Amino acid sequence: QDNAFGTYKEGCVDDGKLAGWKAVVNIGKECLHRNPGGGSCGGWPSSLMGPAAIMNIVVQKRFDRFWQNLEGAPHGGPHCFVGGNMAKMSSPDDPLFFSHHAFIDKLWWDWQVCHGYDKIPSSDYGKGSGYSAFTYPKWL
């Protein structure tokens, strides 16, 4: 098992390249803390998704449906499953946060490319999300 990000166990990360990593936002612990499967939204495998489930989200034609499905298990699931800092507002303290969010950004880009981002009416962006509509720059 590769433990470059630390052995996957409950508690402070005390091995791998992140051994001794200090948390910037204190959640009652000064170390980088994890609690695999101990998050508040369920454990393996329900909080994580496979390729087929991800594809079913990307093919959603309407932004509001894509966004609502993306925010669930693909985005929130790994936060809860890793637990510790990742399950709190201190999630950027864990380097896994950035890898995870790079993947979420990739799904957002895949959705735009799949559906022709310059053909989607700006009025469709933000429906049901609480966000205002916005237009995507034509030059991107």
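Quantities reported herein were computed from a predicted structural model and do not represent experimental measurements.
- The CG atom of D94 lies 7.0 Å from the CG atom of L18; values are rounded to the nearest 0.5 Å.
- W111 contributes no side-chain N or O that, together with a main-chain N or O of F63, makes up a donor-acceptor pair within less than 3.5 Å.
- The two atoms that bring V59 and H115 nearest to each other are O-CE1, 3.4 Å, heavy atoms only.
- Remark: side-chain polar atoms of N35 are not paired, donor with acceptor, to backbone N or O of E10 under 3.5 angstrom.
- Q68 CD to I57 CD1: the interatomic distance, rounded to the nearest 0.5 Å, is 11.5 Å.
- The side chain to side chain contact (heavy atoms under 4.5 Å, CB included) test applied to K9 returns T7, D14, not counting sequence neighbours.
- Without hydrogens or angle criteria, W21 side chain to D93 main chain gives a donor-acceptor distance under 3.5 Å.
- With sequence neighbours excluded, the residues that form a side chain to side chain contact (heavy atoms under 4.5 Å, CB included) with H101 are H75, H79, F97.
- The shortest heavy-atom contact between V58 and L107 is CG2-CD2, 4.1 Å.
- Taking the side chain as every heavy atom from C-beta outward, V82 and S91 never approach each other to under 4.5 Å.
- Nearest heavy-atom pair across A73 and P78 is O-CD, 3.2 Å.
- Applying the side chain to side chain contact (heavy atoms under 4.5 Å, CB included) test to F98 and every residue at least two apart in sequence or in another chain returns P92.
- Considering all non-hydrogen atoms of both residues, C80 and A87 come closest at CA-CB, 4.4 Å.
- Here the side chains of Q112 and W109 are in contact, with some heavy-atom distance below 4.5 Å.
- We find the CG-OG distance between L32 and S90 to be 9.0 Å, quoted to the nearest 0.5 Å.
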Pair L96-R34, side chain to side chain contact (heavy atoms under 4.5 Å, CB included): steps then yes or no
CA-CA 11 Å; L96 288 176; R34 297 201 178 127; 3.4 Å; yes

